[in-house]
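Just so you know, these numbers use all the heavy atoms, side chains as well, and skip hydrogens, waters and symmetry mates. Here is the naming used below: chain letters follow the sequence lines, and residue numbers restart at 1 for every chain.
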Number of protein chains: 4
Amino acid sequence: GLWLPLITPFLEGALDEASTRRLVAHYLEEPVDGLILAATTGEGLTLEKAEVERLVAVSAETIAEKGRDLPLYLGLSGSDTRKLVKALARTADWPIVGYLIACPYYSRPSQAGLFQHFTALAEGSSKPIMIYNIPYRTGVNLENETLLRLAEHPNIVGLKDCCADASQSFELLRDRPEGFAVLTGEDALYYSALVQGADGGILASGHVMTADFAGIRTRLLQGDQPAALRAWQQLSPIPRLLFSEPSPAAAKHWLWRSGLIASPEVR
Amino acid sequence: GLWLPLITPFLEGALDEASTRRLVAHYLEEPVDGLILAATTGEGLTLEKAEVERLVAVSAETIAEKGRDLPLYLGLSGSDTRKLVKALARTADWPIVGYLIACPYYSRPSQAGLFQHFTALAEGSSKPIMIYNIPYRTGVNLENETLLRLAEHPNIVGLKDCCADASQSFELLRDRPEGFAVLTGEDALYYSALVQGADGGILASGHVMTADFAGIRTRLLQGDQPAALRAWQQLSPIPRLLFSEPSPAAAKHWLWRSGLIASPEVR
Amino acid sequence: GLWLPLITPFLEGALDEASTRRLVAHYLEEPVDGLILAATTGEGLTLEKAEVERLVAVSAETIAEKGRDLPLYLGLSGSDTRKLVKALARTADWPIVGYLIACPYYSRPSQAGLFQHFTALAEGSSKPIMIYNIPYRTGVNLENETLLRLAEHPNIVGLKDCCADASQSFELLRDRPEGFAVLTGEDALYYSALVQGADGGILASGHVMTADFAGIRTRLLQGDQPAALRAWQQLSPIPRLLFSEPSPAAAKHWLWRSGLIASPEVR
Amino acid sequence: GLWLPLITPFLEGALDEASTRRLVAHYLEEPVDGLILAATTGEGLTLEKAEVERLVAVSAETIAEKGRDLPLYLGLSGSDTRKLVKALARTADWPIVGYLIACPYYSRPSQAGLFQHFTALAEGSSKPIMIYNIPYRTGVNLENETLLRLAEHPNIVGLKDCCADASQSFELLRDRPEGFAVLTGEDALYYSALVQGADGGILASGHVMTADFAGIRTRLLQGDQPAALRAWQQLSPIPRLLFSEPSPAAAKHWLWRSGLIASPEVR
């Protein structure tokens with residue numbers, strides 16, 4: 001499905017709870033299958049712990065108030081396994097259904113190290129984990145062989161794929177076990193990923209023209225690949241525009257101009 | 001459609017006409033839409049002019065004898081515009097319907113130089129030209145902007161695309177004029193190219209399991225993208241195997257073991 | 001000169017102060033011009049704040065006890081400008097002479113963002129800052145144009161260069177202002193950097209065969225470039241060995257086998 | 001030493017013998033150690049056989065008339081071993097002292113294929129051969145292991161290195177046998193190559209400010225590496241300028257404006 005890595009609204013430097021509520025309420029009316037909070041697009045690395053807790057609480061409240069049931073995932077990242085295990089424990093009772101956890105950044109562990117890292121996190125989590133592989137941000141690639149071993153763990157349920165290697169993505173989609181989800185995180189490759197069998201996308205661009213992004217997948221599910229392609233050819237300039245500045249500045253600007261958030265501030 | 005860049009059979013160092021006839025006759029019974037002779041897979045750079053002439057003649061005779069009408073293209077390559085113009089003149093009466101002409105190798109001209117080169121060839125040719133863009137062999141990339149200008153020439157009718165840049169390929173398929181053909185030459189990207197709108201492929205791998213390659217496209221034309229994907233997932237290891245040694249050694253070996261050619265020799 | 005990005009010794013999961021003292025005392029007797037603590041090689045991302053404070057204190061005490069004056073820099077990294085400014089304030093009274101601060105990882109700011117980030121840090125620091133540019137870990141490159149503007153700030157005194165672009169490194173060395181230090185952090189490029197005018201290196205490999213590394217530079221300063229080259233040709237396999245596993249595992253193993261630290265543990 | 005890959009002067013489409021004589025006479029007075037004719041910079045791929053023969057004859061005559069003894073190498077390239085062997089036979093009596101032969105372009109042979117190719121050429125040549133490795137033009141890299149085996153053949157005497165891999169170049173210079181020459185062909189890496197032990201360069205940029213290029217090496221031979229670096233820092237923008245357009249257009253323009261050749265024409 002189409003998941004949104006929700007931007008985090010700020011106002012005068014602080015978390016903007018009113019805009020958060022408005023934003024969540026807005027996407028409840030759009031064809032969105034889930035939200036990821038405090039992840040990359042949500043500027044998670046710059047949030048205080050208390051802010052993340054409020055962000056989750058406010059989002060969950062908004063969904064509950066509307067009588068809806070949209071799944072929330074929490075974005076986590078870090079290079080210190082122990083600190084991440086603590087974060088999992090600290091957030092165990094939060095109103096989220098799972099975690100999106102990026103590969104360790106900067107430290108460039110070996111494949112064995114990545115396996116140990118995510119195994120420890122899977123063991124330490126009471127909720128399912130989706131792994132986020134994005135070598136051009138983290139400096140390390142989680143190879144398919146390692147990932148397929150991790151996929152055997154019941155708590156590791158999927159991958160957000162930004163590996164930037166078309167063969168690796170194709171082979172993972174071909175070789176993954178039944179029930180293991182793969183969603184692309186590369187907005188520009190959304191159509192490509194879908195026609196190669198991906199289950200959907202976690203797309204910053206989905207903040208904008210949400211129904212159009214969802215419609216690409218709908219057409220494919222309806223068996224009309226040529227129509228999906230034509231729609232994608234129309235939509236494809238959008239990701240390029242939104243990533244012409246470091247994300248999420250352009251998406252925030254668009255949301256601000258649309259009146260959905262009170263300020264385009266980024267941290 | 002599915003075009004074959006036909007290998008050139010050799011026997012004891014010489015062009016093997018008998019194997020050529022057998023090979024052409026074989027592919028007349030397969031779902032092949034055309035043959036390219038003396039191109040990259042056909043080891044064109046190592047053929048004498050007289051050999052190329054015989055290769056074309058023998059292939060055309062075989063098709064005629066079978067009462068069929070399979071189109072033949074002739075592969076040309078070179079870095080000297082004048083020599084290529086002469087080659088076009090020399091071959092003007094040959095029984096071919098067009099040319100596949102690679103970008104100049106080694107000399108790395110500018111985009112303006114590429115435009116002038118192909119314009120001169122288009123002017124000098126009595127038959128349609130398909131351009132072959134393969135930067136990892138030639139050292140130069142024909143950019144979309146240049147290609148789209150060239151596509152306005154009535155004698156430049158299509159592209160064999162091996163540009164190795166997914167964005168460039170996607171944007172060309174999106175932006176090309178009506179009637180301008182794009183066929184991928186990257187065997188491993190055959191399915192990807194088709195679902196993005198390519199008209200087909202010129203595939204060395206098509207020598208092997210020809211019907212399976214053609215079947216990918218048939219399923220897409222029938223509107224069954226998921227079946228095409230499943231078939232491709234089965235077929236996808238074949239290109240990897242065939243390119244594990246410098247092409248066309250593996251394809252020739254397979255054809256030799258299949259009894260279609262008398263020797264696996266390469267030059 | 002030759003600076004060491006000191007490894008952080010652990011014993012049964014905890015900071016090993018005894019090994020730290022032994023290690024610092026050892027390098028006081030070697031031709032080392034300074035130490036960087038808690039940086040990349042020091043596994044800084046996995047250290048608790050209290051551990052970093054002890055590491056600095058213990059190192060400074062050891063130097064003082066020996067009546068020596070080796071400069072200590074503290075390694076910092078992070079993607080949140082505000083948290084880094086707080087870290088600078090918190091450590092302002094520590095016995096260090098400066099900071100080595102990596103570019104923000106993961107978030108991939110624009111050049112304007114990098115300029116603002118480091119300007120804020122320079123404003124917030126009471127001590128000089130050396131910037132660490134290592135795109136293959138952080139996902140972002142600090143371009144020369146941006147760096148040269150930052151170099152105008154009196155608190156930004158140098159660069160640890162791991163940009164992996166030979167032209168960028170050469171041009172920086174050519175164009176940098178008088179007094180702005182450039183040290184390579186790419187062990188395998190130590191000799192190359194020196195002959196192009198770099199002031200030295202911050203080398204994990206310098207833990208091993210320290211005098212040999214220092215000797216390369218000495219020979220160049222003495223005007224004997226051919227001898228420096230011959231020595232480097234002998235020494236050059238060492239960095240390759242030490243980085244055959246994710247750093248600093250191999251260096252720690254060597255130090256452990258040499259008896260300098262009590263355990264080869266990495267976090 | 002400093003070798004020039006001489007441009008080939010044209011006038012109204014034909015080889016300009018008068019300009020060739022003037023050019024050769026000019027470089028006889030410059031600190032040039034040899035000339036390569038009809039190579040990449042000499043637009044060899046666009047020359048007719050008769051033109052190459054005249055180019056060599058005219059150059060040799062000019063040198064003889066001046067009573068000098070500058071060595072001439074002939075540039076050859078091609079992907080067909082047999083045609084190249086014939087070219088070696090055809091030119092065996094020409095007034096040249098050796099050949100510069102590029103790796104096969106376009107066909108991308110294996111390392112075994114490259115070994116067989118150059119071994120056949122070495123066997124077929126009465127004169128020494130220098131190999132030219134330039135993967136970004138030919139599409140194939142001659143690896144050090146293969147080259148070091150080829151270097152055992154008495155007729156293979158050196159390498160023009162444009163491999164674009166700093167490690168490969170460094171390791172070749174470290175590991176090559178006594179007496180095997182390595183000259184860089186990458187103008188921008190001339191200083192780097194020299195300080196790593198290269199014997200010199202074959203530099204298109206050497207057409208311009210020839211004495212300055214030679215002076216870099218002289219300073220290094222005199223033991224003044226810092227002075228060589230300072231001179232190189234001044235000179236380094238020249239190669240960038242000369243390669244801002246496809247070579248040799250800029251060099252020809254400069255020579256034309258200097259009055260050394262009658263026209264800046266390129267083919």
Note to self: To check you understand the geometry: which heavy-atom pair defines the closest contact between Asp80(D) and Leu47(B), and what is its length?
What the structure shows: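 Minimum heavy-atom separation between Asp80(D) and Leu47(B): OD2-N, 4.5 Å.
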Next item on the list: Write down the atom of Thr46(D), the atom of Ser79(B), and the distance for their closest heavy-atom approach.
Entry: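 Taking Thr46(D) first and Ser79(B) second, the nearest heavy atoms are CG2-O, 4.2 Å.
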Note to self: Working to the nearest 0.5 angstrom, can you tell me the gap between Tyr106(D) OH and Tyr105(B) OH?
What the structure shows: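 If I round to the nearest 0.5 Å, the distance is 9.0 Å.
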Item checked: Option that, when pairs with chain B are counted at under 4.5 Å, heavy atom only, ranks first among Gly139(D), Ser77(D), Gly113(D) ->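 Most heavy-atom pairs under 4.5 Å with chain B: Gly139(D).
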Is the number of heavy atoms from other residues, nucleotides or ligands within 6.0 Å of [atom1] ([X]) greater than 12?
| X | atom1 | result |
| --- | --- | --- |
| Glu48(B) | CD | yes |
| Glu245(D) | CD | no |
| Arg240(B) | CZ | no |

Next item on the list: Would you check if Pro246(D) and Pro109(B) make a side-chain contact, meaning some heavy-atom pair closer than 4.5 Å?
Entry: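 No. Closest side-chain heavy atoms not under 4.5 Å.
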Next item on the list: Check each atom of Arg108(B) against the heavy atoms of chain D and say whether the ones under 4.5 Å are side chain, backbone, both or neither.
Entry: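 Backbone plus side chain of Arg108(B), per the 4.5 Å heavy-atom cut-off to chain D.
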Checklist line | Structural part of Ile134(B) lying under 4.5 Å from a heavy atom of chain D | finding: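 When you check distances to chain D, only side chain atoms of Ile134(B) fall under 4.5 Å.
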